[in-house]
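Please read all numbers here as calculations on a predicted model, not as lab measurements.
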Amino acid sequence: MKSPLTPAQDAALVAAIRQAEVTTSGEIRVHLEDTCPTPEPLDRAAQVFAELGMHKTAQRNGVLFYLAWTSRQFALAGDVGINAAVPDDFWETTKEAVLSEFRRENYVAGLEHGIRQVGEQLQRYFPYDAATDVNELDDSISIGGDEPAPRP
């Protein structure tokens with residue numbers, strides 16, 4: 001898949017991820033592909049989450065924003081550490097905030113908004129510790145189909 005993002009949009013999303021991660025040990029990724037190969041986008045997001053090794057963070061605090069661009073399917077996937085910490089309505093509230101922008105065809109703005117919301121929650125439950133924190137996952141936007149791979 002060729003990225004649907006312009007270089008400026010790509011850079012804006014990576015900057016949003018990095019900004020969100022400044023105050024937290026949590027890790028955020030965005031994955032884009034043309035169409036979702038599974039009936040439910042959350043199932044595909046879980047597959048991509050595993051393929052990208054997002055479950056390998058020390059505190060199990062990774063979050064994946066999954067978007068099948070052409071088929072217009074979206075899902076959020078979070079690791080067990082986050083699921084145990086955030087409020088029950090967190091995922092649905094965040095997803096709705098992103099989708100409200102998507103409905104206006106503001107895809108990058110929707111992702112940026114969601115990334116900020118996730119960063120705020122991660123900061124609350126997984127604060128940054130300068131003595132121990134390392135960037136455990138690549139911040140680049142992954143693009144793919146069956147085998148997700150980071151952008152060159």
Side-chain angles (χ1 to χ4, degrees), residues 1-86 90-95 97-99 101-102 107-123 125-129 132-152:
M1 168 185 171
K2 181 181 178 298
S3 176
L5 302 174
T6 66
Q9 290 170 324
D10 186 275
L13 287 176
V14 171
I17 291 168
R18 290 182 177 152
Q19 182 62 41
E21 290 181 355
V22 164
T23 59
T24 179
S25 64
E27 298 289 335
I28 301 169
R29 296 284 320 256
V30 174
H31 179 79
L32 305 174
E33 56 190 23
D34 282 327
T35 58
C36 182
T38 61
E40 291 295 325
L42 188 55
D43 293 341
R44 177 61 179 152
Q47 290 173 350
V48 172
F49 193 98
E51 290 168 3
L52 292 173
M54 294 185 65
H55 59 286
K56 295 179 181 177
T57 61
Q59 295 184 0
R60 302 293 302 265
N61 58 357
V63 176
L64 176 67
F65 286 76
Y66 169 82
L67 177 58
W69 194 269
T70 304
S71 60
R72 305 280 193 247
Q73 293 170 286
F74 174 72
L76 280 169
D79 211 339
V80 296
I82 293 172
N83 286 332
V86 297
F90 172 70
W91 296 112
E92 194 58 36
T93 303
T94 304
K95 182 179 172 184
V98 172
L99 290 176
E101 290 291 335
F102 284 7
Y107 301 105
V108 173
L111 290 169
E112 288 175 317
H113 182 77
I115 290 165
R116 276 192 305 277
Q117 273 192 278
V118 165
E120 290 167 7
Q121 288 293 318
L122 291 177
Q123 177 185 5
Y125 300 105
F126 301 96
Y128 176 79
D129 180 349
T132 60
D133 193 65
V134 295
N135 191 12
E136 296 177 272
L137 299 175
D138 188 348
D139 295 333
S140 67
I141 311 305
S142 65
I143 306 290
D146 294 337
E147 294 296 323
R151 292 187 65 170

Open item on the list: Taking the side chain as everything from C-beta on, heavy atoms only, tell me whether Ile115 gets closer than 4.5 Å to Val30.
Closed with: yes
| said: For Phe74 and Phe65, take the angle between the two ring planes, folded into 0 to 90°, and tell me which bin it lands in: parallel under 30, tilted 30 to 60, perpendicular over 60. | reply: tilted
Between Ile143 and Trp69, is a side chain to side chain contact (heavy atoms under 4.5 Å, CB included) present by the stated rule, with each step listed?
CA-CA 10 Å; Ile143 306 290; Trp69 194 269; over 6 Å; no
Taken to the nearest 0.5 Å, the spacing of Arg72 CZ from Thr35 OG1 works out to 12.5 Å
Donor-acceptor check, side chain of Arg60 to backbone of His55, threshold 3.5 angstrom: yes or no? yes
Side chains of Ile82 and Phe126: does their closest heavy-atom pair fall under 4.5 Å? yes
- prompt: Okay, side chain of Thr38, backbone of Asp43: is any donor-acceptor separation there less than 3.5 Å?
  reply: no
When Gln59, Glu21, Met54 are each screened for side-chain contact (heavy atoms from CB on, under 4.5 Å) with Glu27, the one that passes is Glu21
Hey, mind stepping through Leu122 and Ile28 against side chain to side chain contact (heavy atoms under 4.5 Å, CB included) and telling me if it holds? CA-CA 10 Å; Leu122 291 177; Ile28 301 169; 4.0 Å; yes
NZ (Lys2) and CG (Asp34) are apart, to the nearest 0.5 Å, by 11.0 Å
>> Using side chain to side chain donor-acceptor pair (under 3.5 Å), reason through Tyr66 and Glu33 one step at a time and then give a plain yes or no.
In response: CA-CA 8 Å; Tyr66 169 82; Glu33 56 190 23; 2.5 Å; yes
Heavy-atom nearest pair, Gly144 first then His31, reads N-CE1, 3.7 Å
### Query
Taking the side chain from Asp138 and the backbone from Ser140, do they hold a donor-acceptor pair closer than 3.5 Å?
yes
Polar contact flag, side-chain donor to acceptor under 3.5 angstrom, Ser25-Asn61:
yes
Checklist line | Side-chain touch Asp79/Phe49, heavy atoms, less than 4.5 angstrom | finding: yes
Worksheet entry | Side chain to side chain, Leu137 and Leu52, heavy atoms closer than 4.5 Å | no
When rounded to the nearest 0.5 Å, the distance separating CD of Glu92 from CG of Leu76 is 9.5 Å
Per side-chain contact (heavy atoms from CB on, under 4.5 Å), Leu13 is matched among Ile141, Asp139, Leu32 by Ile141
So CD1 of Ile17 and CZ of Arg29: to nearest 0.5 Å the spacing works out to 7.5 Å
Nearest heavy-atom approach of Gly119 to Ala20 is CA-CB, 3.9 Å
Heavy-atom nearest pair, Gln73 first then Pro39, reads NE2-O, 4.2 Å
